[in-house]
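Sequence lines set the chain letters: A, B, ... in the order given, protein chains first and strands last, and positions in each chain run from 1.
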Amino acid sequence: MLDAKYIRENLEAVEQRLKTRGETVDLSGFRLCDTRRRELLLESESLKALRNKVSDEISRIKDKSQAQDRITEMRDVSRRIKALDDDLKGIEEELQGYLLTIPNIPHATTPVGASEADNVEVRKWGTIPELSFIPKPHWEIGEGLDILDFERGARLTGARFTLYRGAGARLERALINFMLDLHTERHNYVEMLPPFMVNRESMTGTGQLPKFEEDLFRLDGVDYFLIPTAEVPVTNIHRGEILKASDLPIRYTAYTPCFRKEAGSYGKDTRGLIRQHQFNKVELVKFTRPDRSYQELELLLADAEKVLQLLEIPYRVVELCTGDIGFSATKTYDIEVWLPGQGTYREISSCSNFEDFQARRASIRFRENEKSKLEFVHTLNGSGLAVGRTVVAILENNQQADGTVIIPEALRPYMGGMEKIG
RNA sequence: GGAGAGAUGGCCGAGUAGGUCGAAGGCGCUCGCCUGCUAAGCGAGUAUACUGGGAAACCGGUAUCGAGGGUUCGAAUCCCUCUCUCUCCGCCA
C-alpha cells in the first residue's frame with residue numbers, strides 16, 4: 001500500500017510511474033474519495049468538538065433541568081454526527097479499496113519494459129553441460145527411474161499434483177534440509193515453521209488480497225487460505241508490531257508447501273513438475289531499515305544463488321522490468337536455472353524488495369532511537385529455492401546417457417551417501 | 001463441542017450506582033540536578049493515527065481502554081455480537 005498523503009501530493013508522478021507497469025492507472029477515483037473524506041472529517045470533527053465542549057458544560061450543571069435546552073440541542077448534533085460518520089465510513093471503505101489495489105511504484109533502477117521479453121540479464125554462472133546424447137525432459141527421466149509418478153498424483157487429487165517415490169521423495173526432502181541448513185548455519189537466518197494456512201488479514205498484509213483471491217485456495221467454512229508462499233505467514237509474523245532498531249535486519253527462513261490455483265495458466269507447463277498446484281519451497285524473508293534494503297536485496301539474492309553454486313547447476317540472474325515485477329515489489333531479481341531437457345532457462349527463485357509497501361499494509365514499524373518517530377521497515381523476500389524446480393534442474397542437468405542421474409556432491413550427505421539415482 | 005474466567009498505555013496494574021479518565025500507581029526509558037563511579041536520591045518528560053494551521057519549531061481538533069454495533073447530551077465504565085487468551089470437561093494426531 002502506498003501512503004495516501006504521498007499519492008495526494010504527487011498524483012501525476014505516481015500515475016506516470018505506475019504506468020510503466022503496463023496497466024492503465026487512473027487515480028481520479030482515489031482523488032475524489034480522498035478529498036471528500038477530508039471534507040466530511042472536518043465537518044464531523046468540529047461537531048464532535050462542540051459536543052464535547054457542551055457535554056462538559058452539562059456535567060457541571062447540578063440541576064439538570066437547567067440544561068434541558070442544551071441537551072436537546074446536542075441530541076440533534078449527535079444525530080448529524082451519526083449521519084456524517086456513516087457517510088465517512090462508506091468513503092473510507094472506498095478509499096481503502098483504492099489504496100489496497102494500487103500496485104507499488106517500481107524503483108528507479110528497475111528497467112522499464114512491457115513484458116518478460118524486456119527483462120535484463122545481470123549475470124550467468126556455471127557452464128552449460130555438453131552432452132553427448134539428446135537430453136530428456138525431467139518428466140521422462142523421473143518416470144524412467146520410477147521416482148516421479150504423475151499419473152497416480154492425478155489419481156489422488158487431479159491435474160498438477162505429483163506423487164514422489166523412493167529416491168525422488170528422498171531427493172526433495174534432502175534439498176529442503178540442505179537449503180535450510182545452508183541458510184541457518186552459513187547465512188544467519190532463523191528457521192521458522194509457520195502455519196500453512198492463514199487468515200484474510202495476513203493475505204492482505206503481504207498483498208495477495210484483495211486483488212488476487214482467484215489465485216488462492218480458500219477453505220470452506222472458515223475464512224482461511226492455503227498459503228501460496230511462505231512469504232505470507234513469515235512476513236506477517238511481525239504484523240502490527242514495533243521492532244527494535246537494534247534487531248534489524250531480521251532474517252527468517254522457512255520451508256513450507258505452497259498452494260496455487262494457477263488460474264489463467266491453463267495449458268501452460270502441463271507436463272512435469274514446473275507448474276503444480278502444490279509445491280515445496282524454502283523461503284528467505286528480511287525486515288530491514290529503509291536505508292539498507294537495497295543492499296540487503298543484493299545479499300539475499302547472493303544467499304539464494306549460493307544454493308545453486310553448491311549444487312553446481314548453471315543459472316543466470318535477470319532483473320525484471322517494470323512490466324513484469326509483481327504487484328507489491330519495487331525491484332525483483334529472478335534466478336533462472338538452465339534446463340537442458342527443455343533447452344531454456346526457467347525461474348527457480350524470485351528475490352524482491354517491497355520497501356514499505358507490505359509494512360504499511362501490515363503495520364510493521366521500528367523506531368530509529370528514543371526520540372525519533374515510528375517508521376515503517378522495509379520487507380524483502382526471495383525463494384531459496386523452489387524445491388520441486390531444483391529437483392527438475394538436478395534431473396535434467398545431471399542426467400546420464402543410461403538414464404541415471406548423478407547426485408550433486410554437496411547433497412550426498414543428505415541422501416545417505418547415495419551418489420546416483422538409478 | 002460443553003462450562004467458566006479474562007482482554008486497559010513499552011511492561012505490570014488501578015479504575016464498573018456513566019461526566020473532573022488518554023486514563024491513578026509502579027516499573028522501564030529519556031533529559032537535568034546531585035553524587036562521582038558501573039548504586040541510591042531529587043526534578044521534569046515519556047502513546048499512536050488521522051486532521052486543520054505553519055516554511056519549520058510547534059500549536060489546535062478528533063479518535064483510540066481486544067474488535068464491531070447500540071443506549072445516552074456524555075461510556076474504559078451499561079446492553080448486544082464477534083475475536084482471542086487462560087482453566088476445567090469431552091474428543092483427537
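- B:C29 is paired with B:G45 under the criterion used here, namely a Watson-Crick or G-U wobble arrangement in which both key atom distances are under 3.5 Å.
- Taking atom P on both B:G66 and B:C12, the two are 14 Å apart, rounded to the nearest angstrom.
- The number of heavy-atom neighbours closer than 6.0 Å to CD of A:E9, taken from other residues, nucleotides and ligands shown, is above 12.
- In the set B:A47, B:U62, B:U51, B:U51 carries the atom at the smallest distance from any side-chain atom of A:R38.
- Computed from coordinates, the A:R360 CZ to B:U48 P distance equals 17 Å when rounded to whole Å.
- No option in A:E231, A:R361, A:R360 other than A:E231 meets the side-chain contact (heavy atoms from CB on, under 4.5 Å) test with A:F354.
- In this structure, the CD atom of A:E43 is 22 Å from the P atom of B:C50, given to the nearest Å.
- Between A:A49 and A:D34, the residue anchored nearer the 5' end of RNA chain B, judged by the nucleotide with its closest heavy atom, is A:D34.
- Counting any heavy atom pair closer than 4.0 Å across all strands shown, A:R79 reaches no nucleic acid atom.
- The CD-P distance, from A:E92 to B:A49, rounds to 16 Å in whole Å.
- When rounded to the nearest whole Å, the span between CE of A:M1 and P of B:C50 equals 10 Å.
- Across the protein-nucleic acid pair, A:R365 atom CZ and B:U48 atom P stand 8 Å apart, rounded to whole Å.
- With both ends at atom C1', the span from B:A47 to B:G43 equals 23 Å, rounded to whole Å.
- One P atom belongs to B:G26, the other to B:U35, and the distance between them is 26 Å to the nearest Å.
- More than 12 heavy atoms of other shown residues, nucleotides or ligands fall within 6.0 angstrom of atom CZ in A:R275.
- Distance CG (A:L95) to P (B:C50): 12 Å, rounded to an integer number of Å.
- One atom, NZ of A:K373, and another, P of B:U46, lie 18 Å apart when rounded to the nearest Å.
- B:C91 sits 39 Å from B:C78 when the C1' atoms are compared, rounded to a whole Å.
- Within 6.0 Å of CE in A:M197 there are 12 or fewer heavy atoms belonging to other residues, nucleotides or ligands.
- No more than 12 heavy atoms of other residues, nucleotides or ligands lie within 6.0 Å of OH in A:Y224, so this atom counts as exposed by the packing criterion.
- Spacing between B:U20 and B:C27 at atom P, rounded to whole Å, works out to 27 Å.
- Across the strands present, B:C86 finds its partner in B:G4; the criterion is a Watson-Crick or G-U wobble pair with both atom distances under 3.5 angstrom.
- Heavy atoms of A:I242 sit nowhere under 4.0 angstrom from any nucleic acid atom.
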**Message:** Within the 4.0 Å limit for protein heavy atoms, which parts of nucleotides 67-81 of chain B are touched? Write it as a string from 5' to 3', B for base, S for sugar-phosphate only, - for none.
**Reply:** --SS--BS-------
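- Checked against the 6.0 Å centroid threshold, A:Y345 and A:Y315 do not count as a close aromatic pair.
- As rounded to the nearest Å, B:G25 and B:C42 have P atoms that lie 15 Å from one another.
- Nucleotides B:G70 and B:U77 are separated by 14 Å at their P atoms, to the nearest Å.
- Under 4.0 angstrom from either OP1 or OP2 of B:G61 there lies no side-chain N or O belonging to A:K53.
- In this structure, the CZ atom of A:R239 is 13 Å from the P atom of B:C84, given to the nearest Å.
- Looking at the side chain of A:E45, the nearest of the listed nucleotides B:U51, B:A49, B:G61 is B:G61.
- In this structure, A:K244 reaches neither bases nor backbone, as no heavy-atom distance under 4.0 Å exists between it and the strands shown.
- No more than 12 heavy atoms of other residues, nucleotides or ligands sit less than 6.0 Å from atom CD of A:E116.
- As rounded to the nearest Å, B:C21 and B:U16 have C1' atoms that lie 13 Å from one another.
- Residues A:Y6 and A:V14 are in side-chain contact: their nearest non-hydrogen atoms beyond the backbone lie under 4.5 Å apart.
- RNA chain B is contacted by both A:R8 and A:R60; A:R60 maps to the nucleotide lying nearer its 5′ end (nearest heavy atom per residue).
- Searching all strands for a Watson-Crick or G-U wobble partner of B:C50 with both distances below 3.5 Å returns B:G61.
- The side chain of A:R37 approaches B:U51 more closely than any other nucleotide in the set B:U51, B:U62, B:A49.
- Around CD of A:E57, the count of heavy atoms belonging to other residues, nucleotides or ligands within 6.0 Å exceeds 12.
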